[in-house]
Enquirer: 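Can you keep this structure in mind? I'll have questions shortly.
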Amino acid sequence: MESPTRQLVRAFFRRPRAVVALFVLVALFAFVLIAPRFLPMNVNDTDVLGANIAPNFAMLRVPSSLAGNVKDINGFSNFTLGLDKEGKVYVWGYTKNPLSGIDLSLLPPALEGGAVQVAAGYDHAVAITPQGELVGWGNETQRQYPTDLSQIPGGHLDPARVSQLACGYQSTALVYEGKLYLWGNANAMLNMSALSEETARHTEETGVGVSQVALGSFNAVALYEDGTVASGGVLGKQSTAVSSRGGRVKNLAEYLREGRVIDVAATDNCFAFLMSDGEILVFGGGEHGESDIAAIPADDRAVKLLAGSRHFVALTEGGRTYAWGDNSGGQTEVNGRVASDVFVGAKQTYLVDAQGKLILKRGSRGYLFGTDNRGRDVFTRIAHGGKTTMTIGAVAVLVSSFIAIVIGCLSGYFGGWVDLLLMRVTEVFSAIPFLPFAMMLSYILSYYPIGETARMLLIMVILGLLSWTGLARIIRGQVLSEREKEFVLAARAMGVGERRIAFLHILPNVLSVILVSMTLDFAACLLTESSLSYLGFGVQQPRPTWGNMLGGANNSIVIQNYWWQWLFPALFLSVATISINMIGDTMRDVLDPKSSRSR
């Protein structure tokens, strides 16, 4: 003998497609429940420099011919430049912008003879050739690199007199013969004009030239040869900084004038100053831990500072490296490592020995599903968004099923005026246009000062309250049929209460129908939540759901050029919905004794 349950299970697992769908659905549930624990996400975190990166793992892929002969490595955003000791230029990372079609890995012919200095910006790069030519390539819509050297005395560079070449967000800086030259988008580099005027005036009045410049995304500072700093108005009287010796330094500008700065570096929105006595000062936002300065041993002292887009690295007298700031790619995991020199990319750190051999590289390798228009990892957001979407769908189904079971059982079992009343209520709810009404309620809720968690709970309740009518009618019909059978008459004869008969005797006999309907309703709730979020009436950005991730890709530019931003959320939502529907259809066939496919 074999129980009905075992027969049903065996019949279900004879269907290969149903088994595959069940496996896929379980895997999806496991992914959205487990993956967020290992993929931390700050919903408010954005990274303009890492926006719209296609799926790739080339960010840390240093060319083998460079790895043993490094002279310089330089990166600001999605790609990195390298220069070996023979002057050959290398490019790796995400080098092609699908919107502009510019491929930064295609070097200009002028660099066939090599270069002596290179610098990588956000969407452009520059290099100085041995002949003194300044070569730029990439995006030039904001004139972020010069097409001529008319500003330079004589209109020609002597490479030996170039102190520094640097790039930032749509900007380029050159320190030549003690003078600072800046090119690029003055609207992006907010203090560009002020810094240029300040350094020119200071050099003319004192004869002290500029030795170094540090470019952030929106501001820059310059270091003079005498150890003082020009900020172009960035450092005011109220500016404070975090000190590596503990506490904060008030009136940073005055503090820097009294001491001597030997190095400066800039992340996206933070500046670090290295004093001659080894003290490090960090000024700026510090949202990613840039102010949490690494503890350098007292018997050692920093002599060099570098910065990526969100992290700092210090090299000490003893040849040890210490890093702090954002560690999303492991770029700060170099503390205490010995190196002769250190270089950085946007989210990478490279250690080199005395022979120029790359001995260690740490940092972001790339993104499995790319990034969105705010630089957020699509894979991480799919994991967290799937958890939200599936939670909303599951809770909404539970709410609607509970209401449907109560209404359907009471209506079908008691009949009469109870049936008449409850069915009229059901018809009223079923007459409400579901999606427009849900959109209207969500829109009204947007005007109330409620938290995002409370908003999600309300969306679950709304979906549940509006989607129970179909199941209630099905349960009513099944209960009407079951209540006329002998076991109900026997229960009444034994004095069993009416409610007990309805919910403990009849309801288990219609449970199979309920389970099938719940399965199919779950898929419908997933689609409804995604539709609401896609239309802007569900869970709002920056908290992700599969629906609002699709909504964020709702324009022709994204659809044509940034396919990964809509393909992966759509794929996960489609796979989940199809799997649930396949499981529901199979359960319906298996549980229907009249179906020829049920056995």
Side-chain angles (χ1 to χ4, degrees), residues 39 41-61 75-81 91-106 120-125 137-142 144 167-171 184-185 187-188 216-218 267-269 288 308-310 326 328-329 345-348 363-385 534 541-572:
L39 297 170
M41 180 187 71
N42 180 357
V43 295
N44 296 312
D45 186 22
T46 60
D47 181 11
V48 177
L49 299 179
N52 300 321
I53 300 177
N56 78 92
F57 285 101
M59 300 291 194
L60 207 58
R61 196 175 297 163
F76 185 82
S77 61
N78 308 329
F79 69 98
T80 306
L81 289 181
V91 187
W92 65 92
Y94 182 57
T95 61
K96 186 173 182 179
N97 187 319
L99 187 61
S100 65
I102 296 174
D103 190 349
L104 289 155
S105 65
L106 302 177
Y122 170 66
D123 53 3
H124 73 290
W137 69 101
N139 184 15
E140 59 175 340
T141 56
Q142 301 298 329
Q144 47 262 64
C167 288
Y169 182 77
Q170 297 184 339
S171 60
N185 187 354
N187 293 322
S217 289
F218 306 107
T267 63
D268 181 21
N269 61 353
H288 308 285
S309 63
R310 294 182 170 186
D326 175 53
S328 57
K347 295 182 179 180
Q348 297 81 25
S364 173
R365 296 179 179 274
Y367 302 93
L368 180 62
F369 289 170
T371 64
D372 64 9
N373 62 344
R374 295 180 179 270
R376 300 170 298 197
D377 185 6
V378 173
F379 180 75
T380 299
R381 289 179 64 78
I382 282 179
H384 287 265
Y534 174 80
Q541 295 276 14
R543 182 186 289 272
T545 69
W546 290 344
N548 66 28
M549 290 180 71
L550 286 172
N554 185 22
N555 68 71
S556 59
I557 294 177
V558 173
I559 292 173
Q560 294 177 22
N561 299 284
Y562 307 128
W563 54 268
W564 58 92
Q565 294 181 19
W566 59 266
L567 175 64
F568 294 115
L571 186 63
F572 272 77

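Below, all heavy atoms of this structure are taken into account, side chains as well, without hydrogens, waters or symmetry copies.
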Enquirer: Give the minimum heavy-atom separation between A125 and L81, together with the two atoms involved.
Expert: CB-CD1, 3.7 Å
Enquirer: Go through the structure and list residues passing side-chain contact (heavy atoms from CB on, under 4.5 Å) with S171, not counting sequence neighbours.
Expert: M189, M192, L215
Enquirer: Examine distances only and state if a side-chain atom of W566 and a backbone atom of L550 form a donor-acceptor pair shorter than 3.5 Å.
Expert: no
Enquirer: Can you see which heavy atom on G121 is nearest to which on S77, and at what distance?
Expert: O-OG, 3.3 Å
Enquirer: Please list, chain by chain and in numerical order, all residues satisfying side-chain hydrogen bond (donor to acceptor under 3.5 Å, both in side chains) with T141, sequence neighbours excluded.
Expert: N139
Enquirer: Does N42 have any side-chain contact (heavy atoms from CB on, under 4.5 Å) partners at least two apart in sequence or in another chain, and if so, which?
Expert: N44, D45
Enquirer: Calculate, to the nearest 0.5 Å, the distance between atoms CD and CG belonging to Q142 and N185 respectively.
Expert: 4.0 Å
Enquirer: Donor-acceptor pair, N555 side chain versus V558 backbone, under 3.5 Å?
Expert: yes
Enquirer: For a quick test of reading the model, state the closest non-hydrogen atom pair linking P55 to L368 and the distance between them.
Expert: CB-O, 3.2 Å
Enquirer: Under the ring-ring contact (aromatic ring centres under 6.0 Å, His included) test, which residues partner W564, sequence neighbours left out?
Expert: Y562
Enquirer: Compare all side-chain heavy atoms of Q144 with those of C167 and state whether any distance is below 4.5 angstrom.
Expert: no
Enquirer: State which residue, out of Y94, Y169, F76, fulfils the ring-ring contact (aromatic ring centres under 6.0 Å, His included) condition with Y122.
Expert: Y169
Enquirer: Does some side-chain heavy atom of V378 sit less than 4.5 Å from a side-chain heavy atom of M549?
Expert: yes
Enquirer: So does M41 get a backbone contact from the side chain of T380, meaning a donor-acceptor N/O pair under 3.5 Å?
Expert: no
Enquirer: Looking at NZ of K347 and OG of S328, how far apart are the two atoms once the value is rounded to the nearest 0.5 Å?
Expert: 4.5 Å
Enquirer: Between P569 and I382, is there a side-chain heavy-atom distance shorter than 4.5 Å?
Expert: yes
Enquirer: Which pair of non-hydrogen atoms, one from L49 and one from S309, has the smallest distance, and what is that distance?
Expert: CD1-CB, 3.8 Å
Enquirer: Is it true that a side-chain atom of T267 and a backbone atom of R310 form a donor plus acceptor pair closer than 3.5 Å?
Expert: no
Enquirer: Apply side-chain hydrogen bond (donor to acceptor under 3.5 Å, both in side chains) to D268 and list each qualifying residue two or more places apart in sequence or on a separate chain.
Expert: S217
Enquirer: Hey, does the side chain of W137 reach the backbone of H124 with a donor-acceptor pair shorter than 3.5 angstrom?
Expert: no
Enquirer: Among residues at least two apart in sequence or on other chains, which ones pass side-chain hydrogen bond (donor to acceptor under 3.5 Å, both in side chains) with N97?
Expert: none
Enquirer: Using 30° and 60° as the class boundaries, would you call the ring planes of F369 and F572 parallel, tilted or perpendicular?
Expert: perpendicular
Enquirer: Using the test ring-ring contact (aromatic ring centres under 6.0 Å, His included), find all partners of F79 that sit at least two apart in sequence or belong to another chain.
Expert: none
Enquirer: Output the distance between atom OH (Y367) and atom CZ (R376), rounded to the nearest 0.5 Å.
Expert: 13.0 Å
Enquirer: Any non-hydrogen side-chain atom of K96 less than 4.5 Å from a side-chain atom of S105?
Expert: no
Enquirer: Suppose we screen for side-chain contact (heavy atoms from CB on, under 4.5 Å). Which residues come up paired with A383, at least two apart in sequence or across chains?
Expert: F31, A35, P36, L39
Enquirer: Quick one: does N561's side chain have a donor or acceptor within less than 3.5 Å of a partner on I557's backbone?
Expert: yes
Enquirer: D123: what forms a salt bridge (Lys or Arg N to Asp or Glu O under 4.0 Å) with it, not counting sequence neighbours?
Expert: none
Enquirer: Show the nearest heavy-atom pair for residues A120 and G75, with the distance to one decimal.
Expert: CB-CA, 4.0 Å
Enquirer: Would the distance check show the side chain of Q565 and the main-chain N or O of W563 forming a donor-acceptor pair, the cut-off being under 3.5 Å?
Expert: no
Enquirer: Can you list the steps and then say if D372 with R381 is a salt bridge (Lys or Arg N to Asp or Glu O under 4.0 Å)?
Expert: CA-CA 10 Å; D372 64 9; R381 289 179 64 78; 3.8 Å; yes
Enquirer: Got a sec, which residues hit side-chain hydrogen bond (donor to acceptor under 3.5 Å, both in side chains) with T95, two or more places apart in sequence or on another chain?
Expert: D103
Enquirer: If the condition is side-chain contact (heavy atoms from CB on, under 4.5 Å), which residues does T80 pass it with, not counting sequence neighbours?
Expert: I73, W92, Q348, Y350
Enquirer: Between the side chains of N187 and Q170, does any donor sit under 3.5 Å from an acceptor?
Expert: no
